[in-house]
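In what follows, a single structure is set out as structure tokens and then discussed.
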2 protein chains.
Amino acid sequence: MPGLTAYAGFFEVCSPKKGERVFISAASGAVGQLVGQFAKSIGCYVVGSAGSKDKVNMLKTKFGFDEAFNYKEEHDLAAALKRYFPEGIDIYFENVGGAMLEAVLLNMRYHGRIAVCGMISEYNQEEPAGVRNLLNIMSKRIRMEGFVIFDYWHLYPQFLERTTKGIKEGKIVYIEDITEGLENAPSAFIKLFTGENVGKVVVEVARE
Amino acid sequence: MPGLTAYAGFFEVCSPKKGERVFISAASGAVGQLVGQFAKSIGCYVVGSAGSKDKVNMLKTKFGFDEAFNYKEEHDLAAALKRYFPEGIDIYFENVGGAMLEAVLLNMRYHGRIAVCGMISEYNQEEPAGVRNLLNIMSKRIRMEGFVIFDYWHLYPQFLERTTKGIKEGKIVYIEDITEGLENAPSAFIKLFTGENVGKVVVEVARE
């Protein structure tokens with residue numbers, strides 16, 4: 001499911017073109033790591049953010065991102081994005097929301113596209129702070145679009161073909177975060193919110 | 001220009017279909033009044049908001065909106081929208097931003113579309129309050145898109161044909177808010193922000 005989410009979200013929702021500048025938040029997650037590789041495969045410039053030094057290294061060395069940064073070490077997210085995108089962002093693959101989205105909007109290029117896959121920073125907020133600069137959507141003619149995988153099952157065959165080929169050729173890699181034992185499922189789930197996971201969180205019930 | 005803005009924003013950005021439920025904020029403005037009439041012309045259900053009793057009456061009697069309400073008289077905008085759209089909004093033509101957008105997001109239907117034409121409530125805010133429920137964009141698969149007229153000049157001939165025909169047949173009407181004398185231009189401009197204008201604000205420099 002994360003695979004098809006990445007595929008549909010990037011190729012269908014983002015309308016990507018070769019050479020465009022792509023930013024992915026929560027990029028070491030199950031979806032983000034694959035979006036970055038899809039984007040690289042068509043010749044985009046790709047930057048991801050993640051929440052630890054190890055994840056940042058992994059994005060650059062294992063997944064082939066052009067750049068990556070640890071958002072926890074940045075006091076000014078908008079300035080960080082400006083550093084990696086001096087000419088602005090064409091495509092933002094949104095997994096985070098809130099302050100990150102605000103910083104991105106400041107750095108988007110005209111006719112930019114934002115695919116809203118998730119907004120994990122907002123899920124448990126009783127009173128979210130709010131995004132204060134939506135005016136950028138108008139002035140920069142940005143398209144922002146939410147999507148869920150249920151609308152894209154028909155793309156499964158072409159997703160599978162592209163991804164299987166990539167994996168066989170060693171051009172697509174992935175990492176799963178495996179927790180053993182059903183009794184540990186709750187703590188595995190919580191990883192998604194503390195940012196401890198790297199890649200898809202899998203609970204292994206029994207090894208066959 | 002307001003005419004082509006209404007035309008392109010509605011027909012191109014909103015992807016409207018017959019029978020869909022359309023909400024327009026600042027609906028008595030130069031753009032809003034025409035969007036509503038375009039929406040009615042293809043069989044949509046159309047509701048507009050405005051800031052005075054007179055404007056609300058005008059939307060219903062002169063421009064043929066199905067319903068209209070005075071947003072200044074509503075303590076709970078989300079509840080007001082729920083009243084007029086018990087099944088939700090398919091298309092929102094956005095001229096206001098802020099609290100109105102928040103209320104709309106709560107009432108949007110799945111696969112809804114928001115054309116961002118303006119956000120007049122936000123233009124002079126030093127610290128806008130922010131829109132806190134953007135998560136709806138993801139969960140409801142909403143497309144939100146900013147646009148400006150400069151990208152749509154090529155539609156001018158078809159806009160002109162459709163609108164001229166409509167005006168000749170009496171199916172499209174419009175109101176201009178004319179201020180006489182160039183020396184009164186500043187106060188005419190300020191009308192846009194105080195909400196005093198009805199329709200396009202025109203400064204008449206000299207009557208030929």
Side-chain angles (χ1 to χ4, degrees), chain A residues 5 8-9 12-15 25-26 31 92-106 108-152, chain B residues 5 8-9 12-15 25-26 31 92-106 108-152:
Chain A
T5 301
E12 295 289 306
V13 183
C14 293
S15 321
S25 56
V31 177
Y92 173 42
F93 199 93
E94 163 73 299
N95 291 308
V96 167
M100 182 63 94
L101 177 57
E102 252 186 23
V104 168
L105 282 168
L106 283 174
M108 287 297 283
R109 285 163 65 89
Y110 280 22
H111 298 288
R113 285 133 279 152
I114 299 176
V116 184
C117 178
M119 286 190 171
I120 201 156
S121 77
E122 307 298 293
Y123 296 160
N124 293 323
Q125 303 287 345
E126 280 190 26
E127 187 66 22
V131 172
R132 293 162 298 182
N133 57 1
L134 293 178
L135 257 180
N136 284 285
I137 290 182
M138 180 189 74
S139 57
K140 296 179 182 172
R141 298 96 126 166
I142 291 168
R143 172 162 57 81
M144 185 168 176
E145 189 167 346
F147 73 101
V148 298
I149 195 61
F150 312 122
D151 298 328
Y152 294 99
Chain B
T5 301
E12 295 289 305
V13 183
C14 294
S15 321
S25 56
V31 178
Y92 173 43
F93 199 93
E94 163 72 300
N95 290 309
V96 168
M100 184 62 93
L101 178 56
E102 253 187 22
V104 168
L105 283 167
L106 283 175
M108 287 296 283
R109 287 163 65 89
Y110 280 20
H111 298 287
R113 285 133 276 150
I114 298 175
V116 185
C117 178
M119 287 188 170
I120 201 157
S121 76
E122 307 297 293
Y123 295 160
N124 292 322
Q125 302 287 347
E126 280 190 27
E127 187 67 23
V131 173
R132 294 162 298 180
N133 57 1
L134 292 177
L135 257 179
N136 285 286
I137 291 182
M138 181 190 74
S139 57
K140 297 180 180 170
R141 297 96 126 168
I142 291 168
R143 170 162 59 80
M144 185 168 175
E145 189 166 347
F147 73 100
V148 296
I149 196 62
F150 312 124
D151 298 330
Y152 294 99

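The sequence lines fix the lettering, A, B, ..., with proteins before strands; numbering per chain opens at 1. Just so it is clear, the structure is predicted and the values come from calculations on it, not from any experiment.
Heavy atoms closer than 4.5 Å to chain A are found in the side chain of B:Leu101, but not in its backbone. Interface remark: B:Ile142 contributes backbone atoms only to the contact with chain A (heavy atom separation under 4.5 Å).
When A:Val13, A:Val148, A:Leu135 are compared by the number of non-hydrogen pairs under 4.5 Å with chain B, A:Leu135 comes out ahead.
Judged purely by atom type and a 3.5 angstrom limit, A:Ser25 has no side-chain atom pairing as donor or acceptor with the backbone of A:Glu94.
Remark: the A:Tyr152 side chain and the A:Thr5 side chain contain no N/O donor-acceptor pair separated by less than 3.5 Å.
The residues A:Glu102 and A:Arg132 are annotated as salt-bridged, a charged nitrogen and a carboxylate oxygen being separated by less than 4.0 angstrom.
In the displayed structure, B:Tyr110 atom OH is contacted under 6.0 Å by at most 12 heavy atoms of other residues, nucleotides or ligands.
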